[in-house]
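Data block below; observations after.
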Amino acid sequence: ALFAITTGLIGDLFMVASRQQVSTRARVRLQSDLQLVIETIARELREGTIDYGELQADELAMRDADGRAVRFRRSTTACTPACVEIGRGTNGSISWAPLTGTAVNVRSFAFRVAPAADPYAWDSARGVYGADAQPRVTVALDAVSTIGRAGDRPDAHVQTTIVSRVYRR
């Protein structure tokens, strides 16, 4: 009887440790993918500019240092589960690629651009620029891991504000 109890406890302890290891690996992978997304957006914005003429509610539009289009969006059709995609292109042709892997389900990708008016656009009627502020973007990501049992999957919410280093007037 003592042997059976000891064996049962050791087996249970092993199962708990195994679940914790899976959960830790899932959390690390989730954080790594979200960090990649945030760092990629930050790098593109620091070196480029916000493309005010192409901004959409669900797509962050930028121009890189060479004037090429750079876009970010959440996609539920191009990848399973939902991912954040980066698009690059010229002359209206954008090629899309996922930034997050299949181990991450992106529940939301939101951004807020400030100022709302293009600070580079000159309003000749009023004799002023559209805004008098350094362009910045606040990005918020909410995601959950797809690794592990449904009730044990870690989730994460990250948010940061990035300022463009380019301010040409």
Side-chain angles (χ1 to χ4, degrees), residues 25-147 153-169:
R25 265 189 288 158
R27 184 169 304 284
V28 167
R29 182 114 182 239
L30 175 65
Q31 290 172 347
S32 177
D33 273 20
L34 295 184
Q35 182 179 6
L36 172 70
V37 171
I38 293 294
E39 287 299 319
T40 302
I41 293 171
R43 183 185 64 242
E44 293 296 337
L45 182 58
R46 277 191 226 110
E47 296 173 1
T49 59
I50 298 166
D51 192 351
Y52 281 89
E54 296 293 325
L55 281 177
Q56 299 175 23
D58 60 349
E59 190 174 295
L60 179 56
M62 294 183 232
R63 293 272 171 195
D64 66 12
D66 297 324
R68 292 183 299 251
V70 179
R71 306 284 190 267
F72 294 93
R73 69 180 180 192
R74 176 180 178 264
S75 177
T76 56
T77 56
C79 37
T80 303
C83 67
V84 173
E85 289 185 306
I86 182 172
R88 295 182 187 274
T90 55
N91 302 329
S93 174
I94 305 285
S95 311
W96 293 95
L99 272 178
T100 53
T102 57
V104 174
N105 180 10
V106 178
R107 293 187 289 210
S108 72
F109 171 67
F111 59 90
R112 182 174 180 274
V113 176
D118 187 350
Y120 310 125
W122 178 255
D123 184 347
S124 57
R126 295 183 333 173
V128 295
Y129 283 99
D132 197 22
Q134 185 79 8
R136 63 190 176 281
V137 175
T138 299
V139 178
L141 275 168
D142 186 41
V144 64
S145 177
T146 59
I147 298 172
R153 293 178 182 162
D155 62 345
H157 178 82
V158 294
Q159 178 177 322
T160 191
T161 298
I162 308 143
V163 178
S164 175
R165 291 182 183 161
V166 178
Y167 193 59
R168 58 178 190 265
R169 284 214 178 155

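L30 CG to D155 CG: the interatomic distance, rounded to the nearest 0.5 Å, is 7.5 Å. Atom CG in L99 sits 10.0 Å away from atom CG in L141 (nearest 0.5 Å). To the nearest 0.5 Å, atoms CD (E59) and CD1 (I94) are separated by 7.5 Å. Taking CD1 of I162 as the start and CZ of R136 as the end, the distance is 12.5 Å to the nearest 0.5 Å. Between I147 atom CD1 and R27 atom CZ the span is 12.0 Å, to the nearest 0.5 Å.
Shortest non-hydrogen contact noted between T100 and C83 is OG1-CB, 3.0 Å. Taking each heavy atom of L55 and A61 in turn, the nearest pair found is CD2-N, 3.5 Å. Of all non-hydrogen atoms in S145 and R153, the two that sit nearest each other are O-CD, 3.1 Å. Shown here for V106 and A143, the closest heavy-atom pair between the two residues is CA-CB, 4.0 Å. When every heavy atom of R73 is checked against every heavy atom of D58, the shortest pair comes out as CB-O, 3.6 Å. Residues P135 and Y120 approach most closely at CG-OH, 3.3 Å, considering heavy atoms.
Under the 3.5 Å distance criterion, the side-chain polar atoms of S93 are left unmatched by any main-chain donor or acceptor of G89. Between the side chain of D118 and the main chain of G130, no donor-acceptor pair closer than 3.5 Å is present. With hydrogens and angles disregarded, no donor-acceptor distance shorter than 3.5 Å links the side chain of D66 to the backbone of R68. Looking at Q134, its side chain does come within 3.5 Å of a backbone N or O of S164 through a donor-acceptor pair. One N or O on the side chain of T146 and one on the backbone of A103 form a donor-acceptor pair closer than 3.5 Å.
In this structure, the side chains of S75 and E85 come closer than 4.5 Å at one or more pairs of heavy atoms. Taking the side chain as every heavy atom from C-beta outward, M62 and L45 approach each other to under 4.5 Å. Q159 is not listed as a side-chain neighbour of I38, based on a closest heavy-atom distance of 4.5 Å or more. Using a 4.5 Å heavy-atom threshold, the side chains of F109 and F72 count as touching. You'll find the side chain of Y52 reaches within 4.5 Å of the side chain of P115, heavy atoms only.
A salt bridge links D142 and R107; the closest N-O separation between the charged side-chain nitrogens and carboxylate oxygens is under 4.0 Å.
R71 pairs with exactly one of D51, L60, I86 by the side chain to side chain contact (heavy atoms under 4.5 Å, CB included) rule, that one being D51.
Checking T161 against T138 by side-chain atom types alone, a donor-acceptor pair falls below 3.5 Å.
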Salt bridge (charged side-chain N to carboxylate O under 4.0 Å, His left out) evaluation trace for R63 with E44: CA-CA 8 Å; R63 293 272 171 195; E44 293 296 337; over 6 Å; no
side-chain contact (heavy atoms from CB on, under 4.5 Å) between D33 and V37, worked out: CA-CA 6 Å; D33 273 20; V37 171; 5.8 Å; no
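Listed by chain and residue number, nothing satisfies the ring pair (Phe, Tyr, Trp, His ring centres under 6.0 Å) test with W96 (two or more places apart in sequence, or in another chain).
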